[in-house]
Engineer: 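Submitted below is the structure of interest, expressed as structure tokens.
First listed ligand is number 1; within each ligand, the first listed atom is number 1.
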Amino acid sequence: MTAADTARPLVGVLALQGGVEEHLSVLESLGAETRRVRLPQDLDGLGGIILPGRESSTIDKLARSFGVAEPLRRAVEGGLPVLATCAGLIYSARDLENPASGQQTLGLIDVTVRRNAFGNQRFSEERTVPVTLGSETLNIEASFIRAPIVTRVGEGVEAIATVPREDGEAVVGVRQGTVTALSFHPEENGDSRLHAAWLASL
Ligand code: GLN
């Protein structure tokens, strides 16, 4: 074991809009070192990054105006692990069914995503969702807040969570390479097991 193996991981949270504090407090409760990421230089030395929820079109606009979008995309292509939640999933997708006007995504994961897929803008619900991470399945207490669903899962992408809907099973969690992305918020309900499993994989 080297010193690097035992060091606390330094985890960034993309902090352009909001939805940040809950992730920071879960990460800190698990012993990770954290950093708010707004500028390209904030990516230096990170062991992983969280792309939080809120409004994906606003995150996109701000990331481009802060000049962090392209460096972030390159860092992930270079192997930086990502945990994306809700708007973070939308921002990570290759394609959107219903983008806002001019909305761009990072294209980190080969999926098509439908924004606000659970009904009207205010729709919000809590439910238990089984999420498969490697050999373990965690039953996560998840909040769906104007949540997206994945409507196309590309080659090389693993569906790690689904929920039943009237039109069949909807994919709400996906993983491709070092990117794990979820439709819902695991950080809202004091359930830190998903972050713990992700940190353990860094
Ligand atoms: N509907 C939002 C969007 O398009 C995502 C909602 C959320 O992150 N809770 O970005």
Engineer: Mark yes or no: Arg165 above the aromatic ring of Phe118, with NZ or CZ under 6.0 Å from the six-membered ring centre and no more than 45 degrees from the axis.
Structural biologist: yes

Engineer: Under 4.0 Å from any heavy atom of Ser56, which atoms of ligand 1 are there?
Structural biologist: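 Going through ligand 1 atom by atom, the ones under 4.0 Å from Ser56 are 3 (C), 4 (O), 10 (O).
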
Engineer: With sequence neighbours left out, what residues match Gln17 under side chain to side chain donor-acceptor pair (under 3.5 Å)?
Structural biologist: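 Not a single residue meets the side chain to side chain donor-acceptor pair (under 3.5 Å) criterion with Gln17.
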
Engineer: Table please: side-chain donor-acceptor pairs of residues 171-182 below 3.5 Å, with sequence neighbours left out.
Structural biologist:
residue, atom, partner, partner atom, Å
Arg175, NE, Thr180, OG1, 3.2
Gln176, OE1, Asp110, N, 2.8
Thr178, OG1, Leu80, O, 3.4

Engineer: Kindly confirm or rule out an N or O of Ser57 lying under 3.5 angstrom from an N or O of ligand 1.
Structural biologist: no

Engineer: Of the side chain and backbone of Thr85, name the one, both, or neither that has a heavy atom under 4.0 Å from an atom of ligand 1.
Structural biologist: neither

Engineer: Should one rank Arg115, Gln17, Arg114, Arg54 by closest heavy-atom distance to atom 2 (C) of ligand 1, which comes out on top?
Structural biologist: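 It is Arg54 whose heavy atom sits nearest to atom 2 (C) of ligand 1.
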
Engineer: Any donor and acceptor pair, going by atom type alone, linking the side chain of Arg35 with main-chain N or O of Asp42 inside 3.5 Å?
Structural biologist: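 Yes: the side chain of Arg35 pairs with the backbone of Asp42.
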
Engineer: Which heavy atom of Ser183 sits nearest to which heavy atom of Ala147, and what is that distance?
Structural biologist: O-CB, 3.6 Å

Engineer: Would you say Glu188 and Ser143 are linked by a side-chain donor-acceptor pair, where the criterion is simply a distance under 3.5 Å?
Structural biologist: no

Engineer: Any idea which atoms of ligand 1 are less than 4.0 Å away from a heavy-atom of Gly53?
Structural biologist: 8 (O)

Engineer: What do you reckon, does Ala87 have a nitrogen or oxygen under 3.5 Å from a nitrogen or oxygen of ligand 1?
Structural biologist: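 Yes, Ala87 has an N/O under 3.5 Å of an N/O on ligand 1.
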
Engineer: Return yes or no for this condition: an N or O of Ile145 is under 3.5 Å from an N or O of ligand 1.
Structural biologist: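 Yes, since at least one N or O of Ile145 sits under 3.5 Å from an N or O of ligand 1.
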
Engineer: Show the atoms of ligand 1 that are less than 4.0 angstrom away from any heavy atom in Cys86.
Structural biologist: 5 (C), 6 (C), 7 (C), 8 (O), 9 (N)

